[in-house]
Colleague: 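Questions regarding the structure given below will be posed in turn.
Values reported hereafter were calculated over all heavy atoms of this structure, with side chains retained and with hydrogens, waters and symmetry mates removed. Proteins come first, then strands; the chains are lettered A, B, ... in the order of their sequence lines, and each starts at number 1. Not measured: the values here are computed from a predicted model.
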2 protein chains.
Amino acid sequence: MDTDSPAGRARGPYAKSAERRRQIVDEAYRMFSTRGYQASSLREIAGAAGISLSNLQHHFASKEELLLAVLERRDETPAAETAAADTAENADENAAVPFDAAMVARAAANERIPGLIALYSVLSAEGVTDGHPGREFFLRRYDSLRAGYTAEFEEVRRQGRLRSGVDPAMAAASVVALWEGIQLQWLYAPDRIHAADALRAYLDLVIVSADDEGADA
Amino acid sequence: MDTDSPAGRARGPYAKSAERRRQIVDEAYRMFSTRGYQASSLREIAGAAGISLSNLQHHFASKEELLLAVLERRDETPAAETAAADTAENADENAAVPFDAAMVARAAANERIPGLIALYSVLSAEGVTDGHPGREFFLRRYDSLRAGYTAEFEEVRRQGRLRSGVDPAMAAASVVALWEGIQLQWLYAPDRIHAADALRAYLDLVIVSADDEGADA
DNA sequence: GTCTATATTTTGATAGAC
DNA sequence: GTCTATCAAAATATAGAC
């Protein structure tokens, strides 16, 4: 029973492999975060993981494959999701937690995971360079983020809380841009920049309290 | 008279040197813009400039020295400055061209110089990585940009045109962040993102017409 | 100022034993 | 699955002729 179980994912003959992969991705994540993709070497990642270069390459056939594994790893990343629950008091009729409050809470929580911010800040900019293996990933990611936030701002507008003259799609692209830009500044000067505050200030400009000054229909 | 003129800067024995340096920086600028710093090689830059690697290294002793030369080259960059003059009609009593109009005009003009945007987008993110030679440069650059825009927003507030509740320093950091972030999105999707429009939309939220709704004293 | 030639490291990748 | 050994290519940098 313990030999040749092709469907085994979490245990069995592939258990060690899965654990190794996780371990390698952990170290790659750390190194890509602090040095970027190009300047990171597989040798060093392997060394940090306590294995040989060849062993690493047995699990990830190429450097590019490892990068993609790191980028998609974030789906596992917990944290930052529960932190928003605290501010759920002013939840409106629709969502348990208003998306803007959730966004600010996530930005605040991210500051406690500097690696994650650095990873995306560094790689998303690197990804725009010629032939970078992460290009497609970030292209899709931006599309997805903009689409998601556009829908959120449209919902806000339906609730009559979007400031007059604000275009949901424009606000979506802007909030993504502001978020990423302020995080980069934060990486340079963590003691002077507060990403969550900047996001909060922007959202306060765009979203008005339900029965307040000019909001679109 | 043509031998050993130590003070000669623009001509004389150093004329060729200056011309070569300019030529090398041109190619390095192009390559750093499209590939980033790490992935660019001195050999290729030299090749693009039509000279040997050793010749390049005779003019720039190290790759880092070349990077700094490229980063500081932008001071020579013309363009984008005059484009703002068109909108000078609604110039107020203080400046010939309102700073926000100038900012939007520059963003629009920048779209015609993709290399410049790419250079700063890619390198400013790369610069946050460990031991990157451009780190100090960008640290100072962000400080300078924030300080400059903070002063501008304070001036706007003195004119009673700053929306109530807006903090000049926060707005300064935010506008820098928004600008840089939206430019990165533009690099990924030039046909869908319009950096100048996003900047304009943000400034319209922050700056109100002189005798309008709630503005700070 | 410009070149050829070379030194020294480091890279990602492969071969093959165990 | 993990290792040692090696490869082939590319990097920055240096030495020295002209």
Colleague: May I ask you to list the residues of residues 123-135 of chain A, by number, that have any heavy atom positioned under 4.0 Å from an atom of DNA chain C?
Modeller: none

Colleague: Just the rounded figure in Å: distance from P of D/dA11 to CD1 of B/I45.
Modeller: 10 Å

Colleague: From CG of B/L56 over to C1' of D/dT14, roughly how many Å is that when rounded to an integer?
Modeller: 15 Å

Colleague: Are any of the side-chain nitrogens in B/E154 or B/R158 under 4.0 Å away from the carboxylate oxygens of its partner?
Modeller: no

Colleague: Let me see the working for A/E180 and A/S124 under side chain to side chain donor-acceptor pair (under 3.5 Å), right down to the final yes or no.
Modeller: CA-CA 10 Å; A/E180 197 154 43; A/S124 66; 3.2 Å; yes

Colleague: What residue pairs, at least two apart or across chains, pass side-chain hydrogen bond (donor to acceptor under 3.5 Å, both in side chains) with a residue in residues 182-191 of chain B?
Modeller: A/R146-B/Q185

Colleague: Along nucleotides 5-18 of chain C, 5' to 3', which nucleotides get a B, which get an S, and which get a -, given that the test is a protein heavy-atom distance under 4.0 Å?
Modeller: B-----BBBBB---

Colleague: Could you work out, with side chain to side chain contact (heavy atoms under 4.5 Å, CB included) as the rule, every residue matching B/R200, not counting sequence neighbours?
Modeller: B/D100, B/V104, B/L203, B/D204

Colleague: Can you tell which of D/dG1, C/dG1, C/dT4 lies closest to the side chain of A/H58?
Modeller: D/dG1

Colleague: Which pairs would a plain distance check flag for residues 46-60 of chain A, meaning a side-chain donor or acceptor within less than 3.5 Å of a matching protein atom at least two apart in sequence or in another chain?
Modeller:
| unit_1 | atom_1 | unit_2 | atom_2 | d |
| --- | --- | --- | --- | --- |
| A/S52 | OG | A/N55 | N | 3.1 |
| A/N55 | OD1 | A/H59 | NE2 | 3.4 |

Colleague: Can you tell me if the side-chain N/O atoms of B/N55 get under 4.0 Å from OP1 or OP2 in C/dG1?
Modeller: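 For B/N55, the contact criterion (side-chain N or O under 4.0 Å from OP1 or OP2 of C/dG1) is not met.
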
Colleague: Of all residues at least two apart in sequence or in a different chain, which pass the ring pair (Phe, Tyr, Trp, His ring centres under 6.0 Å) check with A/Y202?
Modeller: none

Colleague: Are B/Y37 and B/K63 close enough, and set up right, to give a side chain to side chain contact (heavy atoms under 4.5 Å, CB included), and what steps lead you there?
Modeller: CA-CA 9 Å; B/Y37 174 72; B/K63 191 181 182 182; 3.5 Å; yes

Colleague: Angle between ring planes, A/Y149 versus A/F99, binned at 30° and 60°: parallel, tilted or perpendicular?
Modeller: tilted

Colleague: Without decimals, in angstroms, what is the distance between B/I51 CD1 and C/dG1 C1'?
Modeller: 10 Å

